[in-house]
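These notes are about the structure you will find just below.
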Amino acid sequence: MADSESKKPRTFIHEIIDEDLKSGRFDRVHTRFPPEPNGYLHIGHAKAIVLNFGLAEEYGGKCNLRFDDTNPLTEDPHYVESIRRDVRWLGYDWEDREFYASDYFEQLYEWAVQLIKAGKAYVDDLSAEEIRRYRGTLTEPGKESPYRNRSVEENLDLFERMRKGEFPDGSKVLRAKIDMASPNLNLRDPVMYRIIHAEHHRTGNKWCIYPTYDWAHGQSDSIEGITHSICTLEFEDHRPLYDWFLDALGVHHPRQIEFARLELTYTVLSKRKLRRLVEEGYVRGWDDPRMPTLSGLRRRGYTPEAIRDFCERIGVAKSNSVVDIALLEHCVRQDLNKRAPRKMAVLRPLRVVIENYPDDQVEYMDCINNPEDLSQGTRKVPFSKVLYIERDDFREDPPKKFYRLAPGREVRLRYAYFIKCVDVVKDPGTGEVVELRCTYDPATRGGDAPDGRKVKATLHWVSAAHALEAEVRLYDHLFTKPDPNEVEEGQDFTANINPDSLQVVTAYVEPSLAEAKPGERFQFERLGYFVVDPDSTDDKLVFNRTVTLKDTWAKLQKAGKVN
RNA sequence: UGGGGCGUGGCCAAGCGGUAAGGCACGGGGUUUUGGUCCCCGGAUUCGGAGGUUCGAAUCCUCCCGCCCCAGCCA
């Protein structure tokens with residue numbers, strides 16, 4: 001984390017915290033990251049994690065990890081585990097401060113009783129449907145429930161019996177008595193407790209009434225001594241309600257600050273939509289490398305450093321914004337460029353025979369592992385008479401600006417020799433180019449011509465006899481449109497799923513990769529960054545393409561400036 | 001038609017009354033045994049719009065326009 005420490009941007013949140021510290025409202029900074037364990041963390045959560053843990057770090061404070069587990073119907077310990085793993089992977093440590101809203105159920109219950117006694121909460125027998133109708137609309141005030149003015153004694157009795165399990169699900173709720181005419185709907189007697197006879201992943205069957213998020217969240221922050229409760233914009237309207245609860249209880253009152261959640265082009269970041277992608281089989285799971293989940297990005301080969309850097313670069317503000325996914329890609333490239341060892345791999349092989357190279361000779365060429373970091377040393381890569389090069393690196397009829405191999409043209413094979421294409425062998429039936437016949441210049445060993453002769457291109461290659469076969473999974477954006485939600489009438493975001501987001505090829509990779517282990521990242525020269533997938537076995541390597549290298553040639557082609 | 005927010009180049013985002021940072025993307029050039037990296041250079045006479053205050057406004061005031069969120073016993 002030290003690498004970007006100095007350039008961390010200050011935000012409006014820093015200004016607020018500075019004021020609070022200066023005014024004496026708080027004398028320390030204590031934040032928290034409060035996920036609900038009902039899904040996997042994604043890059044949007046990373047923004048919140050980096051913000052909250054980052055703030056604590058910058059101000060010498062603490063940041064808790066708290067699971068807001070108030071809904072036993074949707075939550076599962078499996079998610080708790082995945083969330084822990086992801087936060088840790090991102091590089092943050094919550095030490096012994098792992099909390100759960102469910103830790104506070106008893107305290108919350110007592111506080112609810114306190115509000116009932118103060119005449120500020122009541123048990124309501126209205127059905128969910130009735131409560132909705134009584135709430136009014138955006139423009140019309142609601143009306144009070146006929147049960148709103150029950151006596152404190154009756155409320156106490158009823159609430160206690162709710163806890164004991166005397167009533168069926170949905171038959172009663174506990175509501176705060178605030179103002180049914182408030183222009184802020186959150187203040188129209190919000191529900192604090194609902195009856196749910198369901199087993200909770202931590203409290204088991206101890207409870208059959210569960211606090212709503214609105215009732216639990218602010219008080220949980222208060223109990224933990226949080227100073228700054230940072231959340232997303234949609235909770236701005238809830239702040240007056242949280243203030244009301246805290247003031248009615250007379251307990252520690254954190255300051256809530258809202259910021260805009262992250263949105264990214266060419267993907268979706270809503271739990272509901274991500275869940276659909278998984279459940280309807282559009283991807284292979286939460287950790288599919290095409291998913292914007294942290295587990296997906298990890299499997300894709302993204303580094304925690306790159307994700308943190310991204311989160312710091314996008315800034316924190318209050319305006320809804322959609323960040324170009326190109327920035328995320330830039331961040332991984334930048335990180336991997338200086339870290340990933342280079343290798344040679346051919347994704348779409350074209351056979352090349354060096355006619356004047358001795359039949360059984362094999363030379364081991366010295367290759368630099370990382371030109372950006374010479375301390376990574378060198379390695380030997382075998383070279384022989386029959387090679388594979390990339391099909392894209394040969395054009396029988398080269399367009400202008402195509403520098404690579406073509407009939408009669410000379411190019412360099414990286415770290416090896418200059419070769420010249422002398423003949424093209426085609427399949428007599430299809431006309432497809434199946435092999436290139438080339439000659440090499442023995443004087444250019446290593447890649448330099450003693451006579452100063454220049455070539456315009458350097459190609460990567462692999463020795464056919466020595467190369468390893470590997471499965472390589474090439475990924476593209478999951479959606480075809482920058483905004484997946486831009487659809488025709490009657491369609492939904494799945495209509496924009498990119499049918500070519502995954503392409504699997506059988507590649508040939510240099511033999512030094514034989515020992516590569518899952519999670520190891522490499523740059524395949526001239527192609528991109530790749531990571532070994534956990535699907536790999538002892539006799540079969542599987543790679544995921546994290547991101548391509550920037551490719552000005554591809555850009556020219558795409559722009560139609562060349563054919 | 002209620003309430004709460006937000007509007008600065010293609011995308012983010014600084015700016016807090018003194019005359020538009022930075023990043024990504026894009027375009028141009030240089031270096032280069034990765035068409036990668038790296039290094040230069042280029043772009044808002046203008047800050048949603050219109051008025052006003054001021055010597056001076058993206059920054060203050062007024063009105064208007066646009067976008068987002070809220071009517072779960074989800075979070």
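A note on names: the letters A, B, ... follow the listed sequences, proteins ahead of strands, and every chain is numbered from 1.
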### Query
Is there a donor and acceptor pair, one atom on the side chain of A:R333 and one on the base of B:U37, closer than 3.5 Å?
no
### Summary
When rounded to whole Å, the CE to C1' distance for the pair A:M180 and B:G2 reads 15 Å
### Task
Using the P atom as the reference point in each nucleotide, state the distance between B:C24 and B:A20 in Å, no decimals.
23 Å
### Message
Can you measure A:R526 atom CZ to B:U37 atom P for me and round it to whole angstrom units?
### Response
14 Å
### Base-pairing mate for B:G15 - Watson-Crick or G-U, with both contacts under 3.5 Å
B:U8
### Syn or anti for B:G72 (syn when the glycosidic angle lies within 90° of 0)
syn
### Query
Quantified in whole Å, what is the P atom distance between nucleotide B:C63 and nucleotide B:U1?
16 Å
### Message
Would A:R175 and A:Y122 count as a cation-pi pair here, with the cationic atom under 6.0 angstrom from the ring centre and within 45° of the axis?
### Response
no
### Message
Which nucleotide wins on minimum distance to the side chain of A:N337, given the candidates B:C12, B:G15, B:U37?
### Response
B:U37
### Task
Send over the distance from A:I325 CD1 to B:C11 P, rounded to a whole Å.
17 Å
Tabulate protein N/O versus nucleotide N/O from nucleotides 21-24 of chain B, keeping only pairs under 3.5 Å, one per line.
unit_1: B:G23; atom_1: O2'; unit_2: A:R313; atom_2: NH1; d: 2.8

### Query
Would A:R202 and A:E75 pass as an ion pair if we require N to O under 4.0 Å?
no
### Atom pair distance, as rounded to whole Å: CG in A:D373 and P in B:C38
15 Å
### Summary
Closest of B:U34, B:A14, B:C26 to the A:K555 side chain is B:C26
### Aromatic contact, A:H217 with A:F235 (centres under 6.0 Å)
no
### Message
Both A:A260 and A:K456 contact RNA chain B. Which one's nearest nucleotide lies toward the 5' end?
### Response
A:A260
### Task
Please tell me if the side chains of A:T74 and A:E36 come closer than 4.5 Å, counting only heavy atoms from C-beta onward.
yes
### Message
Measure CZ/A:R404 against P/B:G36 and give the value in whole Å, please.
### Response
11 Å
### Task
Give a yes/no on whether any side-chain N or O of A:K318 is located under 4.0 angstrom from OP1 or OP2 of B:G4.
no
## Note on the structure
In whole angstroms, the gap separating C1' of B:C11 from NE2 of A:H477 amounts to 14 Å
### Ring centroid separation A:F524 to A:F543 under 6.0 Å
yes
### Query
If we call it a pair only when both distances are under 3.5 Å in a Watson-Crick or G-U wobble match, what pairs with B:C63?
B:G49
### Summary
Atom CG of A:L51 and atom P of B:A13 are separated, to the nearest Å, by 13 Å
### Query
Using the P atom in both, what is the distance from B:G56 to B:G23, to the nearest Å?
34 Å
## Note on the structure
Going 5' to 3' through nucleotides 65-75 of chain B and flagging B where a protein heavy-atom sits under 4.0 Å of the base, S where only the sugar-phosphate is that close, and - otherwise, we get ---SBBBSBSB
### Task
Using a heavy-atom cut-off of under 4.0 Å over every strand shown, decide if A:F402 touches base, sugar-phosphate, or nothing.
base
### Query
So what does A:E329 touch, heavy atoms closer than 4.0 Å: a base, only the sugar-phosphate, or nothing?
nothing
### Message
Measuring centre to centre across the rings, with the benzene-like ring taken for any Trp, is A:Y415 within less than 6.0 Å of A:F383?
### Response
no
### Task
On RNA chain B, check which nucleotide each of A:K454 and A:K47 is closest to and give me the residue with the more 5' one.
A:K47
### Summary
Rounding to 0.5 Å, atoms CZ (A:R275) and OH (A:Y40) come to a distance of 10.5 Å
#### Entry: A:S463 side chain to A:L387 backbone, donor-acceptor under 3.5 Å
no
### Task
Check every strand shown and say whether A:V316 touches a base, only sugar-phosphate, or nothing at a heavy-atom separation below 4.0 Å.
sugar-phosphate
### Task
List the steps and the verdict of side-chain contact (heavy atoms from CB on, under 4.5 Å) for A:L41 and A:V87.
CA-CA 9 Å; A:L41 260 27; A:V87 175; 3.9 Å; yes
### Task
Could you check which nucleotide pairs with B:G2 in any of the strands shown, counting Watson-Crick or G-U wobble with both distances under 3.5 Å?
B:C70
### Message
Using a heavy-atom cut-off of 4.0 Å across all strands, would you classify A:P240 as base, sugar-phosphate, or nothing?
### Response
nothing
### Interatomic distance where CD belongs to A:Q256 and P belongs to B:G4 [whole Å]
16 Å
### Message
Using a 4.0 Å heavy-atom cut-off, does A:E372 contact any base of the nucleic acid, only the sugar-phosphate backbone, or nothing at all?
### Response
base
### Query
Is a salt bridge present between A:D124 and A:R148, judged by a nitrogen-to-oxygen distance below 4.0 Å?
no
### Task
Look through every strand shown and name the nucleotide pairing with B:G42 as Watson-Crick or G-U wobble, where both distances are under 3.5 Å.
B:C26
### Message
My understanding is that only one of A:I314, A:L264, A:T265 makes a side-chain contact (heavy atoms from CB on, under 4.5 Å) with A:L327; could you say which?
### Response
A:I314
### Query
How is A:I314 classified with respect to the nucleic acid when contacts are heavy atoms under 4.0 Å: base, sugar-phosphate, or nothing?
sugar-phosphate
### Query
Counting just side-chain N and O atoms, does A:S319 come under 4.0 Å of either OP1 or OP2 of B:A13?
yes
#### Entry: B:A58 versus B:A21 - spacing of their P atoms, nearest Å
13 Å
### Query
When all nucleic acid strands are considered with a 4.0 Å heavy-atom cut-off, which category describes A:Q523: base, sugar-phosphate, or nothing?
base
### Message
By the definition side-chain contact (heavy atoms from CB on, under 4.5 Å), identify the one residue from A:V462, A:L405, A:V411, A:V346 that meets it with A:I389.
### Response
A:L405
### Query
Quantified in whole Å, what is the C1' atom distance between nucleotide B:C73 and nucleotide B:C68?
27 Å
